[in-house]
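Reckoned from all heavy atoms, side chains included, excluding hydrogens, waters and symmetry mates. Everything quoted here is computed from the prediction, not taken from an experiment. Per chain, numbering begins at 1; letters A, B, ... match sequence-line order.
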Amino acid sequence: MPSWSDFEPFIVSGLALGGVYALSGVGLVVLYRATGVLYLAFGAVGAMGALTAWSLGQAGAPGWLTWLVCIAVAAAITLAYGVLFGPALAKRDPLVKAVATIGLTLILYGLMDLLWTTSGGEARSLTLPSDNGGFSVGQIQVNWTQVIALGAGVVLTVGTGLFLRFTKLGTAMRAMANDREITATLGVPVRRVEAAAWLGCGVLAGIAGLLLADLVALDATTLTFLVISSLAAVLIARLRSITITFVAAIVIGLLHDLLTPITSLTNYRDMTPFVLAAAALLVMPRSQVMAQSREEA
Amino acid sequence: MKANILSARRTIVVAAAIAIAAAGCSSSSSSSSSSSSSSSTSSTPASTSTASTSAVSTTQCGTKPGVAATGTPIALGAIATNQPGTSFTDIPNMANAYFACVNANGGINGHPIKLYIATEQTNPAQIAADAKQLVQTDKVVGIIGNTSIIECSVDSSYWQKLGYYIIDSGIAPECYSTPNSAAINMGPRYSSDGAVQYALAQHASKIVFDQSNVPGTGYIAAGPAALAKAGNVPIVQLTENVPISDADSVAIKEVDDAGPNGAVILNFTPPEALVILQAAQKLGLEDHVKLWGCSTPCNTDFLAQSLGAKWNNKLFVNAELTPPDVTNTTTMNLYKAILKQYGSAVSGGIGSFSQFGFAEAEIAVHALETITGAYTVASVNAAFKGVTNFNTGMTCQLWTYGSYPLHIPNNEDYTVTPDNGKMVTAQGCTLISSIDPQIAQYRSAAGTAALAPTS
């Protein structure tokens, strides 16, 4: 068993990854609560944004512009999907809505493979200026991108919580989560509220794509399927609580990286989100039913 | 109403769980069908090629400059992996470019070469079907340019049964350990040997050898393990699930295990190696070990450009073929000229993959030109097998097929290092050590180490 000092460096990398998983998870929860759609294309649109940003960078565009384009591309694709397909799918079963986003994922994935082929051994990277600076905590080197990743997770979780609670738009989103029809009857412009949710989710997908392209890899496959870790956090939160989503995402990122120095477990660390999500699914239904009963009583 | 909402939520939670499981299996679920393409005669310049060719005419590739071959085509076949994240199609595509050049300049005694390229997605049933299609439907008389993760393992016995002698770029163990396959490259094991050998020569006190967690890692790891053991240097063997989603952790572990006088040797595809090396750089770890090494896939300018100057003389990459950027021979210039004129389908441009394809096509054309009668399976494969001491201009050694139980005809390599965005030679031709028992067995069978080119 490794000593505590062996684990220390992995705390920082785990927290940074957990932070990005958290902001992704928050985006997924907010969109689900507003529209009933579990957006499985979250990773793919982020990847699309990041690869577009890389191409712009290669063409000589300044860094700040490429970052904005990354976010804009992810937001535009997500908003366009929501506006075009959202109304048609609004009354369909949640399973149909989720599967439809897998369709978008596959289209984007194929497009990325076509536009940014890996034939010939191309290796791409998207680095942020924050990689070049940082500080040390004891023996641990921390760079600013890691700090930004964790900070973005915290800020967006808190900010989204406040937004949902204290703004008119947030209140409308919460109302729609309970009942879309009644909310519409009360005069809430549901299409506009849904569009805002899609746009917000797309922006978060772009930010996550940018950070993950730097922290993990600029690769369509990797970025597309990194949504799994966020999805596990969302599942643990039962698609409801952004606070639980945040905590679960941090735990997933942290636990995943802390398993690295343990030789017997290191090759199984990628199972972390699956194991935690499965455990949550097994344990939580009973307590949720009890809570539901109490609510109804 | 609340019950309905709860029900809907439960449904979506179950759906999401299924989606997670499906995504977890995604890397092995590809099943698209194979495709064949006829030889291209496109003269569109390859947009990805930026080679400066020193006034070499592509008409040198054929025996009758400017005279297009119009005879009965000689059908050859190739199978290449082509799936998201892993594509080796540049190799047969470059061979096809070479053949297009030959066809435009006389062909083989007036016969054009037609290369059928089948692609596969690491599906054994599909790969076996590809081989049968090439033989039974396309009627190919020879196989050249195969580059696949598992094709050698799947089809080796089939080729032996039919009497085909394959000229390929090897990955799986059977590409090197069977009588019917001879590769232009060393493959992951011997290339990793070369990288470890270089680190040991630099007096690294410990070796950390890290590679993808895929089938065949034990076979690859055996070579570096033997070299380290012979040098009395401890070796730590690691494997990583790919795609790597936590490069920071991987880099930290490698550096911790190697120590300040140790070496970290990577055997990954360029994108995976890049994320590890960049993670090390971001964490300031590149100077925390004596040196970093890498097997051949890292030998790309893409990687050198992405890494930047911090890795100059810090990363040392095994190179199985002659470095193209700093070589100005007639053959190298012909390769660049053909790539430019005929290589529109070669997406990676100048690099190891297109060099593999060029050299394999050279060998095939050389063999076909020795045939005086009909181009049949028997005559073509006898010609392939009979290639002896052929100078491809791309390797340290002359290339020989021969009647051996195993084939490692390329067992002498270069070492290159990044130099401000380019890969430059750090060490010239060096024989891979016979301490690797497979190399020793080949040299025993082939008589001795193969000769070096005379020009």
Side-chain angles (χ1 to χ4, degrees), chain A residues 6 9-10 13-14 16-17 32 36 38 40 93-95 98-99 102 109 113 117-125 127 131 141 143 145 178-179 215-217 219-222 225-226 228-229 231-232 234-235 238-240 256-257 260-261 266-267 269-270 273-274 277-278 281 285 292 295-296, chain B residues 1-2 5-6 8-13 15-17 19-21 23-24 26 48 82 84-90 213 238-241 243-250 252-253 256 269-275 278 281-285 297 300 302-303 306 346-349 351-354:
Chain A
D6 292 326
F10 299 98
S13 58
L17 268 186
Y32 177 77
L38 186 61
L40 298 174
D93 189 87
L95 185 61
V99 170
I102 294 180
Y109 190 47
D113 192 47
T117 177
T118 51
S119 176
E122 289 94 330
R124 302 179 183 88
S125 64
T127 53
D131 293 338
Q141 181 71 27
N143 68 48
T145 308
N178 284 333
D179 194 301
L215 287 170
V216 180
D219 172 68
T221 307
T222 308
F225 292 108
L226 268 181
I228 301 302
S229 297
L231 206 53
V234 169
L235 282 178
R238 305 291 292 184
L239 297 152
R240 278 184 160 181
H256 180 276
D257 278 20
T260 309
T266 189
N267 279 343
R269 65 187 188 276
D270 288 345
F274 302 89
L281 285 171
Q292 185 75 20
E295 214 173 301
E296 284 172 353
Chain B
M1 188 64 73
K2 281 182 178 174
I5 294 169
L6 188 60
R9 192 164 281 140
R10 279 179 183 157
T11 306
I12 200 73
V13 165
I20 285 181
S26 65
T48 50
N82 187 22
T86 309
S87 175
F88 299 127
T89 52
D90 267 4
N213 186 18
L238 302 174
T239 57
E240 309 299 337
N241 296 330
I244 291 170
S245 60
D246 56 344
D248 287 1
S249 301
V250 172
I252 292 167
K253 181 166 175 53
D256 282 354
T269 59
E272 302 297 345
L274 180 63
V275 298
Q278 282 191 323
Q281 185 176 325
K282 287 172 197 169
L283 297 170
L285 299 176
T300 74
F302 282 113
L303 194 112
S306 297
V346 183
S347 62
S352 294
F353 285 5
S354 54

Of the listed V275(B), V250(B), L285(B), D246(B), the one with the largest count of heavy-atom pairs under 4.5 Å with chain A is D246(B)
Check side chain to side chain donor-acceptor pair (under 3.5 Å) between S354(B) and all other residues, then give those that pass, not counting sequence neighbours.
Y335(B)
Set of residues satisfying side chain to side chain donor-acceptor pair (under 3.5 Å) with respect to S245(B), sequence neighbours excluded
none
I need the N213(B) CG to D270(A) CG distance, nearest 0.5 Å.
9.5 Å
N267(A) (side chain) donor-acceptor with N241(B) (main chain) under 3.5 angstrom:
no
Taking side chain as everything from C-beta outward and backbone as N, CA, C, O, which of these in I244(B) sits under 4.5 Å from a heavy atom of chain A? Side chain, backbone, both or neither.
backbone
Show your working on side chain to side chain contact (heavy atoms under 4.5 Å, CB included) between I252(B) and T260(A) and close with a plain yes or no.
CA-CA 9 Å; I252(B) 292 167; T260(A) 309; over 6 Å; no
Give, as side chain, backbone, both or neither, the part of D131(A) having an atom under 4.5 angstrom from any heavy atom of chain B.
both
To the nearest 0.5 Å, how far apart are CD in Q278(B) and CG in L215(A)?
11.5 Å
Proximity breakdown for T145(A) and chain B, heavy-atom pairs closer than 4.5 Å
neither
